[in-house]
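Reviewing the structure listed below.
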Amino acid sequence: GAHQVWDRSALVRKLGADIVAKYPVYNHDPFLNCTYLGKTSYGTRVEVSAEVMSCDLKVSIQSIVPHTSYGFSGGGKMVMPGCSSYRSIVDHHTVTHKAFGEMLGRTPDAKGVFEGNPRPQDAMEFARMANIDFSINCMVNEKADIVAIFAGDIEQAYVPAVAAAKEHYLVSDTR
């Protein structure tokens with residue numbers, strides 16, 4: 001979300017020259033051109049790329065992997081922080097910080113912790129406010145090959161993806 005804005009050469013390296021030549025490619029800038037949509041129940045200011053908000057159909061495509069503070073990537077993270085304003089990203093991390101710290105007091109490592117985790121909950125509410133129409137969560141193996149796809153409503157696709165990811169990425173204790 002708050003990464004640098006890419007120039008054409010970076011987009012070509014990421015997507016390929018044929019894609020960049022054939023299709024319009026939009027580059028999110030978290031400091032400009034975001035639309036205010038209100039606030040989440042956590043108090044996060046919801047500002048999303050105006051380019052995204054102008055679309056008739058909004059499809060989120062992402063991977064689902066263990067994440068240090070969200071439990072797992074996927075779900076609402078494509079929107080928060082993926083195409084959010086910098087102010088929204090700061091709000092999101094600030095308003096969920098205390099609740100996240102309390103959760104960490106109960107669970108030393110948040111990787112894989114989804115239930116009761118305020119960060120993915122706030123991100124999901126944020127994505128719902130942006131009216132994401134369809135979500136695709138891709139689970140990958142150690143070679144980054146897609147091994148499973150969970151698609152549909154952003155939340156209804158994410159919940160079973162998290163359940164499968166907990167099993168898929170599980171590392172057994174061999175001590």
Side-chain angles (χ1 to χ4, degrees), residues 1-6 10-30 33-35 37 40 42 44 46-85 88-89 92-93 96 110-170:
H3 298 289
Q4 70 201 40
V5 175
W6 290 4
L11 291 170
V12 166
R13 283 193 310 274
K14 180 74 172 179
L15 302 171
D18 55 333
I19 298 294
V20 174
K22 188 173 181 179
Y23 300 100
V25 177
Y26 297 95
N27 200 349
H28 174 58
D29 183 340
N33 200 26
C34 291
T35 301
L37 302 174
T40 69
Y42 283 86
T44 300
V46 179
E47 293 176 340
V48 178
S49 165
E51 290 291 347
V52 170
M53 294 311 300
S54 71
C55 294
D56 294 330
L57 178 66
K58 299 179 197 87
V59 178
S60 165
I61 303 171
Q62 55 202 321
S63 62
I64 182 157
V65 296
H67 189 281
T68 303
S69 60
Y70 287 79
F72 290 94
S73 60
K77 277 188 59 49
M78 184 53 70
V79 183
M80 166 44 72
C83 56
S84 305
S85 74
S88 290
I89 295 166
H92 171 70
H93 287 94
T96 61
K111 277 190 181 169
V113 176
F114 175 68
E115 294 79 11
N117 188 334
R119 293 214 166 133
Q121 291 171 355
D122 192 49
M124 185 64 71
E125 187 177 339
F126 195 103
R128 285 236 180 260
M129 290 177 72
N131 296 315
I132 300 301
D133 295 296
F134 196 78
S135 175
I136 301 168
N137 296 279
C138 301
M139 193 163 53
V140 298
N141 64 16
E142 67 279 358
K143 297 176 188 172
D145 297 324
I146 297 172
V147 297
I149 297 175
F150 302 84
D153 170 80
I154 193 162
E155 193 163 3
Q156 291 174 356
Y158 186 57
V159 171
V162 167
K166 285 180 179 183
E167 294 296 320
H168 177 71
Y169 294 110
L170 180 68

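Not measured: the values here are computed from a predicted model.
In this structure, the separation between OG on S63 and CZ on F72 is 12.0 Å, given to the nearest 0.5 Å. To the nearest 0.5 angstrom, D122 atom CG is 3.5 Å from T44 atom OG1. Distance check: H93 NE2 to S88 OG gives 11.5 Å after rounding to the nearest 0.5 Å. Between the OH atom of Y26 and the OG atom of S54 there is a distance of 7.0 Å, given to the nearest 0.5 Å. Expressed to the nearest 0.5 Å, how far OG of S49 lies from CG of D29 amounts to 9.0 Å. In this structure, CG in N27 is found 10.5 Å from CD in E51, a value given to the nearest 0.5 Å.
Residues V48 and F126 share a closest heavy-atom pair of CG2-CE2, 3.6 Å. Among all heavy-atom pairs drawn from H28 and C34, the shortest one is CE1-SG, 4.1 Å. Closest heavy-atom contact between Q62 and S135: NE2-OG, 4.0 Å. Taking every heavy atom of both residues into account, Y158 and G75 meet most closely at CD1-N, 3.2 Å. In plain terms, the two heavy atoms of S85 and E47 that are nearest each other are OG-OE1, 2.6 Å. Closest approach of H168 to V147, counting heavy atoms only: CE1-CG2, 3.7 Å.
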TODO: Go through the steps for M80 and M124 under the test side-chain contact (heavy atoms from CB on, under 4.5 Å), then give the verdict.
DONE: CA-CA 8 Å; M80 166 44 72; M124 185 64 71; over 6 Å; no

TODO: Please step through side-chain contact (heavy atoms from CB on, under 4.5 Å) for the pair H67 and K77, ending with a clear verdict.
DONE: CA-CA 11 Å; H67 189 281; K77 277 188 59 49; 3.8 Å; yes

Open item on the list: I61 vs M78, test: side-chain contact (heavy atoms from CB on, under 4.5 Å). Steps then yes/no.
Closed with: CA-CA 8 Å; I61 303 171; M78 184 53 70; 5.8 Å; no

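Looking only at side-chain heavy atoms (C-beta outward), V159 and F150 stay at 4.5 Å or farther from each other.
Looking only at distances, a side-chain donor or acceptor of S73 sits under 3.5 Å from a matching main-chain atom of V65. With hydrogens and angles disregarded, a donor-acceptor distance shorter than 3.5 Å links the side chain of D133 to the backbone of K58.
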Please tabulate, for the side chains in residues 12-20, all donor-acceptor contacts under 3.5 angstrom to protein atoms that are two or more places apart in sequence or on a different chain.
none

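Of the N and O atoms on the side chains of T40 and E125, not one donor lies less than 3.5 Å from an acceptor on the other residue.
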